[in-house]
Amino acid sequence: MLDKTYQPAAVEGPTYRLWEEAGAFAAGRPDRTGARPYAIVIPPPNVTGSLHMGHALNNTLQDVLVRFERMRGRDVLWQPGTDHAGIATQIVVERQLMERQEPNRRDLGRDEFVRRVWQWKVESGGLIINQLKRLGCSCDWSRERFTMDEGLSRAVRKVFVDLYRAGLIYKDKRLVNWDPKLLTAISDLEVEQVEVKGHLWHLRYRLEDRVFDPSDPSTFVVVATTRPETLLGDTAVAVHPDDERYKALVGKHVILPLVGRRIPIVADEYSDPEKGSGAVKITPAHDFNDFEVGRRHALPMINVLAPNGELLLRGNSDFTQGVDQSAELEQTILELNGLDRFIARKKIVERLEEAGLVEKIEPYVYTVPHGDRSNVIIEPLLTDQWYVDAKTLAKPAIDVVKRGRTVFVPKNWENTYFHWMENIQPWCISRQLWWGHQIPAWYGPDGEVFVAEDEGQVTALAKDHYGKSVALTRDEDVLDTWFSSALWPFSTLGWPDETKELKRYYPTDVLVTGFDIIFFWVARMMMMGLHVLEEVPFRDVYIHALVRDEKGQKMSKSKGNVIDPLELIDAYGADALRFTLSAMAAQGRDIKLSASRVEGYRNFATKLWNAARFAEINACTPVKGFDPASATQTINRWIAGESEYALAAVTEALEAYRFNEAAGAIYSFVWHKFCDWYLELIKPILSGADQQAAAETRAMTAWVLDRALKLLHPFMPFVTEELWAKLAAEGEERESLLILAPWPKHLGLENAAADSEIGWVIRLISEVRSVRSEMNVPAGAKVPLVISGASEQTAARAKRHEETILRLARIETMSFGKAPSGAVQIVLDEATLALPLAGIIDVAAESKRLKREIDKVGSEIRQLDAKLANEKFVARAPEHVVEEQRERKADAEATAARLEQALKRLEAAL
RNA sequence: GGGCGGUUAGCUCAGCUGGUAGAGCACUGUGUUCACAUCGCAGGGGUCACUGGUUCAAGUCCAGUACCGCCCACCA
């Protein structure tokens with residue numbers, strides 16, 4: 001006997017183990033060898049991660065698809081794994097070392113530190129995997145991968161070497177986004193532009209051949225800057241070639257304050273006469289634009305910053321090059337060397353003010369680049385880094401989407417993808433970290449670079465080159481985490497080996513992910529997949545929304561508005577959370593989650609549970625060989641047909657990735673069709689005398705319930721699997737677990753006659769209930785029902801469903817004849833239903849109610865009249881639309897006439 | 001500066017190819033009915049942001065406006 005409510009906590013664990021023991025998640029099951037494959041690779045969560053709402057959504061949707069296709073008979077591979085997440089993981093372990101007051105990373109040394117990270121990974125890295133299991137994810141865990149596994153590392157090395165040899169990976173010295181806190185380069189994508197309120201300083205640079213006089217503008221040039229501290233690295237002042245104010249100055253020189261460096265005034269179109277003073281200081285080593293200007297004018301690049309963001313002046317030969325020794329220079333070095341960039345800024349401004357070199361200071365709002373991990377201001381820094389020639393790789397990746405070989409859903413994300421891909425910049429892939437794939441490049445004694453997959457090959461290469469064995473040193477840097485992620489769709493399948501999995505499951509069917517990583521990940525997988533395997537990594541890319549809190553804010557730990565999916569699972573069950581996320585996954589931009597919604601769907605699980613309980617109590621168990629098409633009872637034919645509509649709706653919606661529609665379709669079928677009406681309508685049959693009808697109804701109930709469990713299983717796997725087992729025929733076991741059961745087939749059970757008849761019964765009951773409620777008839781009171789003006793068909797229907805009507809509409813007796821006076825009257829199609837309530841009802845109130853009804857129908861008639869009187873409408877609208885309006889008008893007029901009669905009868909009774 | 005979304009019931013949102021506005025929650029009334037009070041039944045509540053256009057017909061298509069949000073961009 002089923003409990004009164006569903007207890008998720010008691011069911012979820014054992015059910016999950018059941019699936020695992022049955023090998024239900026495994027790809028390539030023996031029973032599917034001839035089946036079409038269906039593959040999804042999971043967006044690998046960071047190994048440091050714990051399940052947040054975004055993961056919950058992302059993985060719920062994948063699991064819905066995977067379970068759906070598995071039931072449709074496909075050979076499903078859902079490839080799981082985790083990402084080593086270079087920076088994030090290194091930060092976590094470094095923090096842990098600090099908390100435990102252990103030696104820091106540098107004291108430990110690289111090998112020991114990396115060993116400690118691995119150790120951490122073994123101990124704590126599996127957390128999120130277990131959380132995915134709690135959500136019910138049916139990944140093939142036997143195939144779990146990690147981006148730093150030996151196999152995946154081999155793929156990384158091979159791709160790196162191949163791309164290097166193809167000239168698509170190269171080393172370059174240029175400005176990079178440098179994180180002064182993490183002490184590593186980062187890619188453009190890892191930089192966030194943050195708007196800040198700051199200042200714009202207008203500084204005076206004195207002209208070389210003039211004596212500086214603050215009151216004489218002809219003795220200096222004013223430059224405006226938001227970063228005064230970088231003036232130490234200035235190597236020019238640029239003005240626009242057409243700027244009349246400065247034309248005469250081009251070619252002359254100014255003397256850099258605090259330093260004494262003589263720098264030229266150059267003409268360059270980069271300078272915007274509208275901005276600042278129209279003259280701009282050029283610091284090629286510390287600004288991306290200035291870097292380009294510097295290249296055009298062959299300016300020296302003077303780096304004045306150490307990697308940690310402190311000024312580096314003493315012993316900096318670039319800085320002092322060509323500058324005469326002076327007391328001023330010495331003081332500058334003494335005061336500023338080793339200062340943090342922002343402290344130095346203050347000092348420099350102070351000194352400039354003392355010297356009368358600050359013309360004015362304006363408040364100024366501008367954007368400043370911040371590191372997305374460290375949250376500190378990023379410094380453009382001149383360093384040697386490895387780059388991927390993304391522009392070349394992007395071309396085919398753009399092309400395949402244009403030609404529809406890979407399709408984004410929703411389609412408008414393709415624009416975002418194209419825009420970024422068409423303007424793609426070289427991808428900086430080297431990171432000055434220790435945790436990650438160390439770059440397979442070695443340097444000879446003279447700095448010659450050798451790139452190969454392993455040390456043996458590299459040694460041979462070097463020997464060839466030098467004619468003898470030499471000592472090589474390996475490049476210390478590691479690769480951007482996203483480099484290995486980019487290979488995920490094929491590295492997890494065993495590439496570079498030609499495995500049978502690679503052959504069978506690549507390209508994968510769909511990638512399910514959020515729009516925030518289209519650039520980071522989707523685009524790069526496209527580029528790598530196409531380059532390495534010459535085939536797209538996935539056919540479809542389903543982009544889902546981001547989960548936000550109830551107020552629409554992005555959930556983040558710092559805001560404290562995080563809803564923990566595991567807490568929701570504990571409170572309401574995994575099924576309720578999954579159903580909520582599915583139901584809310586309309587193809588918009590974001591999902592605002594609230595616990596009340598989850599609670600509502602928990603109630604849905606309970607509702608289903610109780611429907612099953614009803615089936616159990618009434619011995620509705622599956623009957624072998626039952627053919628739903630053989631049903632004779634109208635109500636049974638009706639629910640069979642309704643189940644067909646639901647099947648079609650769920651199937652079509654899932655095929656189109658319309659998760660919310662699929663969820664909505666099964667929800668309203670189970671609750672509003674099956675529970676609200678079918679189960680109520682069959683109660684008289686089940687307890688009635690007609691044994692054959694009762695038997696048919698029991699069989700149909702079990703059959704429909706089975707069908708509902710199947711349709712619901714992708715969304716609510718736990719409760720459906722549990723009920724599937726419990727509802728098996730007595731003494732028998734199911735042929736398979738629900739997870740492996742076949743998706744229902746369309747049997748053509750739709751039945752218009754049954755729809756019409758049951759629809760009529762439902763309308764009758766609803767109308768009677770409504771009027772009773774409105775007339776304040778006590779719920780418990782049974783009243784007689786007199787039907788007048790009924791057609792033969794209606795009378796037959798009423799008789800067929802008499803018991804049901806009596807029961808559900810709380811009717812004492814049903815009869816046919818003239819409507820008695822002093823009765824409440826309901827017009828239902830051609831018939832009028834009278835509830836003789838003389839003495840109970842307030843005649844005046846009833847008269848008012850009827851008049852209101854008449855008004856309502858009247859205004860509908862007027863509207864329809866106007867429409868039909870419009871010649872253009874009749875002439876131009878499609879025939880069926882016009883016809884529909886005519887019918888509607890005829891119905892409304894008939895109803896109005898009957899209501900008028902009803903009103904007359906009522907008033908006659910007064 | 002460019003691009004993309006959003007604006008529909010008190011709240012959170014559906015509404016795909018234009019043809020009588022929907023759901024969940026909340027609210028109101030009600031409930032001696034044998035699956036379910038995590039429930040049943042009934043009900044209130046919307047000039048679909050605004051302006052104009054296309055159309056026989058617009059929440060739905062087009063243009064513009066106003067707010068809100070996101071993404072991209074090197075603006076001293």
Side-chain angles (χ1 to χ4, degrees), chain A residues 2 4-6 188 193 200-202 223-227 238 270-272 274-283 287-292 364 366-367 369 380 412-413 415-416 419-420 423 515-516 518-519 546 548 550 552 554 572 576 580 583-584 586-594 596-597 599-618 652-653 656 658 660-661 664 667-668 675-676 679-680 683 687 765-766 769-774 776 778-780 807-808 810 860 863-864 867 870-878 880-882 884-885 888:
Chain A
L2 290 172
K4 222 170 160 183
T5 53
Y6 168 57
D188 298 346
Q193 299 294 337
L200 188 63
W201 286 272
H202 294 250
V223 295
T225 182
T226 55
R227 299 205 57 191
Y270 163 66
S271 179
D272 182 347
E274 305 286 309
K275 279 179 189 145
S277 61
V280 61
K281 64 195 266 312
I282 301 297
T283 321
D287 182 283
F288 287 99
N289 290 309
D290 294 7
F291 182 80
E292 296 302 322
Y364 197 70
Y366 61 115
T367 57
N412 57 324
W413 287 110
N415 291 328
T416 307
H419 182 256
W420 190 70
N423 296 288
F515 59 80
D516 51 332
I518 291 178
F519 304 147
L546 257 39
R548 298 170 194 277
E550 288 170 86
K554 202 167 171 174
Y572 302 112
T580 307
M584 298 184 88
Q587 296 173 359
R589 286 253 165 169
D590 45 45
I591 292 177
K592 292 179 193 131
L593 191 78
S594 68
S596 71
R597 196 79 188 255
E599 190 182 343
Y601 291 122
R602 183 275 314 267
N603 295 353
F604 176 55
T606 307
K607 188 76 182 175
L608 174 76
W609 184 266
N610 277 289
R613 202 159 160 260
F614 174 88
E616 186 186 43
I617 289 166
N618 288 284
E652 280 164 26
R658 288 205 268 263
N660 59 317
E661 285 181 24
Y667 180 93
S668 72
C675 291
D676 284 354
L679 293 185
E680 294 301 329
K683 281 176 182 174
S687 59
I765 292 168
S766 299
R769 281 172 172 173
S770 174
V771 166
R772 287 176 59 116
S773 171
E774 210 171 329
N776 292 316
R807 181 191 173 100
L808 296 186
R810 309 287 296 157
E860 195 189 337
Q863 263 178 18
L864 290 165
K867 212 172 199 181
N870 182 344
E871 283 171 33
K872 283 181 181 168
F873 170 71
V874 179
R876 297 193 196 174
H880 76 273
V881 173
V882 178
E884 196 186 315
Q885 305 297 315
R888 211 180 281 165

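Residue numbering restarts at 1 for every chain, and letters A, B, ... go by the order of the sequence lines. Since the model is a prediction, treat every value here as computed from it, not as a measurement.
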For the [atom1] atoms, the ones on [N] and on [M], what distance do you get once it is rounded to whole angstrom?
N: C4(B); M: U47(B); atom1: C1'; value: 30 Å
N: G40(B); M: C48(B); atom1: P; value: 32 Å
N: U32(B); M: A37(B); atom1: P; value: 14 Å
N: C74(B); M: U17(B); atom1: P; value: 36 Å
N: G2(B); M: C11(B); atom1: P; value: 34 Å
N: A66(B); M: U51(B); atom1: C1'; value: 11 Å
N: U12(B); M: A26(B); atom1: P; value: 15 Å
N: G18(B); M: A9(B); atom1: C1'; value: 23 Å

Would you check if the side chain of [X] reaches a backbone N or O of [Y] as a donor-acceptor pair within less than 3.5 Å?
X: Asp287(A); Y: Thr283(A); value: no
X: Ser687(A); Y: Lys683(A); value: yes
X: Arg772(A); Y: Arg810(A); value: yes
X: Asn610(A); Y: Thr5(A); value: no
X: Thr580(A); Y: Ala576(A); value: yes
X: Ser271(A); Y: Gly278(A); value: yes

For atom [atom1] of [X] and atom [atom2] of [N], their distance in whole Å:
X: Glu871(A); N: A57(B); atom1: CD; atom2: P; result: 14 Å
X: Asn423(A); N: A73(B); atom1: CG; atom2: P; result: 9 Å
X: Asp188(A); N: C71(B); atom1: CG; atom2: C1'; result: 15 Å
X: Glu661(A); N: A14(B); atom1: CD; atom2: P; result: 11 Å
X: Leu546(A); N: G5(B); atom1: CG; atom2: P; result: 17 Å
X: Tyr572(A); N: C25(B); atom1: OH; atom2: C1'; result: 12 Å
X: Phe519(A); N: C71(B); atom1: CZ; atom2: P; result: 10 Å
X: Trp413(A); N: C71(B); atom1: CH2; atom2: C1'; result: 8 Å

Nearest-nucleotide wise, let me know which of Tyr667(A) and Ala877(A) is further upstream toward the 5' end of RNA chain B.
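Its nucleotide being nearer the 5' end, the pick is Tyr667(A).
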Closest nucleotide of RNA chain B for His880(A) versus for Arg227(A): which of these residues is on the 5' side?
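Here His880(A) is the residue nearer the 5' end.
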Consider the side chain of Asn660(A), meaning its heavy atoms from C-beta on, and name the nucleotide among A14(B), G19(B), C72(B) that approaches it most closely.
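Out of A14(B), G19(B), C72(B), the nucleotide with an atom closest to Asn660(A)'s side chain is A14(B).
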Hey, can you tell me if [X] and [Y] have their rings parallel, tilted or perpendicular (30° and 60° cut-offs)?
X: Trp413(A); Y: Phe515(A); result: parallel
X: Tyr364(A); Y: Tyr366(A); result: tilted
X: Tyr667(A); Y: Phe604(A); result: tilted

Looking for any heavy atom pair under 4.0 Å, which part of the strands does Ser668(A) touch: base, sugar-phosphate only, or nothing?
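Since no nucleic acid heavy atom lies under 4.0 Å of Ser668(A), the category is nothing.
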Looking for any heavy atom pair under 4.0 Å, which part of the strands does Tyr364(A) touch: base, sugar-phosphate only, or nothing?
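Sugar-phosphate: the residue Tyr364(A), judged by heavy atoms under 4.0 Å, touches backbone atoms but no base.
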For Arg888(A) and U20(B), is the shortest distance between a side-chain N/O and OP1 or OP2 below 4.0 Å?
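Answer is yes, contact under 4.0 Å.
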Nucleotides 35-44 of chain B: protein proximity per nucleotide (B base, S sugar-phosphate only, - neither; heavy atom, under 4.0 Å):
BBSBSSSSS-
Just grab all the salt bridge (charged side-chain N to carboxylate O under 4.0 Å, His left out) pairs involving residues 599-618 of chain A, residues at least two apart or on different chains.
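Listed by first then second residue: Glu599(A)-Arg602(A).
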Hey, where does RNA chain B pair up into stems, meaning at least three consecutive Watson-Crick or G-U pairs with distances under 3.5 Å?
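Looking at RNA chain B, the stems formed by three or more consecutive pairs are B:1-7 with B:66-72, B:10-13 with B:22-25, B:27-31 with B:39-43, B:49-53 with B:61-65.
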So which atom in Gln193(A) and which in Thr367(A) form the shortest heavy-atom distance, rounded to 0.1 Å?
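Between these two residues, the closest heavy atoms are OE1-OG1, 3.8 Å.
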Is Arg658(A) side chain donor-acceptor paired with the C16(B) base, going by distance under 3.5 Å alone?
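Side chain to base: pair present.
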